[in-house]
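What follows is a short report on a single structure.
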Amino acid sequence: MKLCMIGTGYVGLVSGVCFSDLGNNVVCVDKDKEKINSLNNGIIPIYEPGLEEILKRNFKASRLTFTTDLKKAVSNSDIIFICVGTPTKKKSNSADLKYVFAVAHKLKKIISKYKIIITKSTVPVTTGDKIEKILNNLKKKKLIDVVSNPEFLREGEAIRDFVYPDRVIIGTDSKKANRILRSLYLPIIKKTSRYFNTSRRGAEMIKYASNAFLATKISYINELANLCEKTGVDVKDVSFGMGLDQRIGERFLRAGPAYGGSCFPKDTRALIDTANQFKTSLSIVKSVVKSNSQRKFLLTNKVEKILKRKFKNKTITFLGVTFKPNTDDMREASSIPMINFLSKKSCKIRYYDPSGEKKVFKKIKNVKFCKNISSACLKSDLIIIHTEWNDFKFLNFKHLVRKKNVVIYDMRNIYSPTKMRKMKIKYFGIGR
Ligand code: UDX
């Protein structure tokens with residue numbers, strides 16, 4: 001099939017590349033000329049393991065092209081995916097849909113034969129109705145169907161999540177659009193996935209409800225970890241024991257320093273905003289947002305205790321600063337408020353992250369990026385394992401730190417407290 005991805009950010013680029021790898025002809029459009037030039041030269045603007053190789057293979061086979069010419073791309077395609085950003089509006093909880101509606105207004109002038117218009121970007125419930133209203137003339141002439149097809153891609157695992165999704169959700173009442181999209185996804189759903197056709201608003205709701213639930217699950221185990229610390233229980237045992245119950249499931253029950261990223265924080269706030277618009281209160285999701293934002297300060301208080309409130313000139317090492325491993329994404333990473341706080345306390349902060357130096361820390365005093373683990377850890381007073389990159393899973397801290405007192409704050413519970421204590425390392429975990 002001939003597909004057009006509007007927006008070559010995280011969702012549009014990964015989905016476009018993967019669709020082309022299924023044999024479709026895909027044109028990816030972006031108004032950012034520089035980004036399109038880089039992509040035409042095989043330079044990938046995002047950090048996603050495995051993406052470059054698939055992109056180059058399909059680009060070479062001419063199944064995948066990049067352009068700034070929206071009119072030509074849309075005219076030559078049957079299915080149009082809207083994959084533009086839907087950031088949270090400043091000083092508000094609501095999703096900013098100006099880029100989505102700008103695309104809709106452009107499509108209004110371009111479309112002259114039947115197309116399926118798909119919102120792949122995460123958009124609040126009723127957005128499809130609003131797009132359809134903008135394209136009302138085309139709808140009346142039966143030249144479009146507006147469909148919701150949310151993505152469930154995790155950064156760092158996006159290709160796997162695309163090719164082996166737990167489900168494909170298609171929100172439309174149009175039998176014609178549903179038939180076409182079922183055949184588009186056939187190579188994927190025939191493996192194991194379930195293909196679920198529901199209403200458009202239903203599909204929009206499933207996306208937000210899923211992310212808000214995952215955020216709730218993480219915040220739940222994070223708060224339980226606080227109780228485990230007080231009661232001498234290891235939260236990893238609790239996660240394991242709970243996860244054996246099929247109704248609970250073992251995944252997304254790892255206690256940590258607070259969830260981050262571009263999705264959970266944005267989507268939980270947008271869902272609360274939608275509920276407010278419909279005069280409904282989502283008290284649980286509200287408490288999750290509050291709990292998660294407070295958690296970062298809870299953990300810096302713990303650092304204060306570990307350092308016995310003696311911050312001045314203490315060297316603190318952060319191993320990993322990204323919001324999760326296998327990405328370079330710093331959006332809402334819990335390391336940012338923590339490092340800001342510690343810098344203000346006149347600590348000397350070093351950090352190492354496999355994805356490289358971070359712009360966000362260049363403006364903060366007393367913060368230095370180290371090119372490797374050894375230089376980051378040498379003579380450090382406290383090592384904080386913030387992100388569970390594989391690089392940090394088998395370290396010899398005694399050898400790295402070269403000090404009598406080695407102190408570790410393992411915010412991802414990578415290491416065994418027993419083994420660390422046997423090595424006379426002062427070890428602190430989360431919920432242990
Ligand atoms: C998420 C959803 O998983 C994905 O389906 C959706 O399409 C986009 O948002 P992503 O934000 O890329 O994906 O990362 P994810 O792996 O979900 O982790 C989000 C945050 O939760 C990270 O900060 C991670 O460290 C944290 N997390 C995750 C935990 O603290 N504990 C867990 O058990 C799992």
Side-chain angles (χ1 to χ4, degrees), residues 9-12 14-15 18 46-49 51 83 85-86 88 95 119-123 149-162 164-169 193 203-204 206-225 235-236 238-240 242-243 248-271 288-289 291-293 295-296 298-299 320-338 353 355 385-389 392 410-414 429-431:
Y10 190 74
V11 173
V14 172
S15 306
C18 291
I46 58 169
Y47 184 109
E48 185 58 45
L51 187 66
C83 308
T86 55
T88 306
T119 52
K120 198 136 212 22
S121 303
T122 303
V123 291
N149 170 216
E151 51 80 20
F152 299 98
L153 308 178
R154 289 169 296 157
E155 290 194 33
E157 352 237 343
I159 291 164
R160 185 184 320 127
D161 288 346
F162 186 95
Y164 300 102
D166 289 338
R167 75 294 205 197
V168 172
I169 306 283
S193 315
E204 291 166 341
I206 288 168
K207 171 66 186 177
Y208 277 99
S210 299
N211 269 8
F213 180 77
L214 291 170
T216 303
K217 201 173 176 186
I218 292 165
S219 296
Y220 177 80
I221 200 67
N222 282 343
E223 288 201 343
L224 216 64
V235 72
K236 282 187 88 168
V238 178
S239 299
F240 182 75
M242 285 173 68
I248 298 171
E250 58 183 3
R251 297 176 65 188
F252 281 65
L253 266 183
R254 297 187 315 277
Y259 62 74
S262 64
C263 298
F264 287 167
K266 167 174 77 74
D267 294 352
T268 43
R269 291 197 286 259
L271 185 59
V288 165
V289 170
S291 168
N292 194 64
S293 57
R295 183 161 184 77
K296 300 139 196 176
L298 195 80
L299 298 191
V321 286
T322 52
F323 85 93
K324 65 180 283 194
N326 303 317
T327 181
D328 61 353
D329 200 336
M330 288 298 290
R331 285 175 288 186
E332 308 250 359
S334 42
S335 59
I336 297 171
M338 289 188 211
D353 191 288
S355 64
I385 303 174
H386 173 270
T387 314
E388 66 278 29
W389 287 89
F392 307 143
D410 180 2
M411 294 187 176
R412 297 293 182 167
N413 291 335
I414 296 174
I430 296 272

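Everything quoted here is computed from the prediction, not taken from an experiment. Whatever order the structure lists ligands and atoms in, that order sets their numbers, starting from 1. All values below were derived from every heavy atom in this structure, side-chain atoms included, with hydrogens, water molecules and symmetry-related copies excluded.
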Would you mind checking which non-hydrogen protein atom is closest to [atom], with the distance to 0.1 Å?
atom: atom 24 (C) of ligand 1; value: F323 O, 3.9 Å
atom: atom 19 (C) of ligand 1; value: F264 CE1, 3.5 Å
atom: atom 16 (O) of ligand 1; value: K324 NZ, 2.9 Å

Hey, is ligand 1 close enough to [X] that some N/O pair sits below 3.5 Å?
X: L153; value: yes
X: R254; value: yes
X: E388; value: no

Using a 4.0 Å heavy-atom threshold (strictly under), name the region of E157 that reaches ligand 1: side chain, backbone, both or neither. neither

Per-residue contact class, I218 against ligand 1 - non-hydrogen pairs under 4.0 Å: side chain

Quick one: NZ on K236 to CG on L253, what's the gap to the nearest 0.5 Å? 12.5 Å

Any C263 heavy atom less than 4.0 Å from ligand 1: yes

Any atom of ligand 1 sitting under 4.0 Å from a heavy atom of R412? yes

What atoms in ligand 1 come closer than 4.0 Å to a heavy atom of K207? 6 (C), 7 (O)

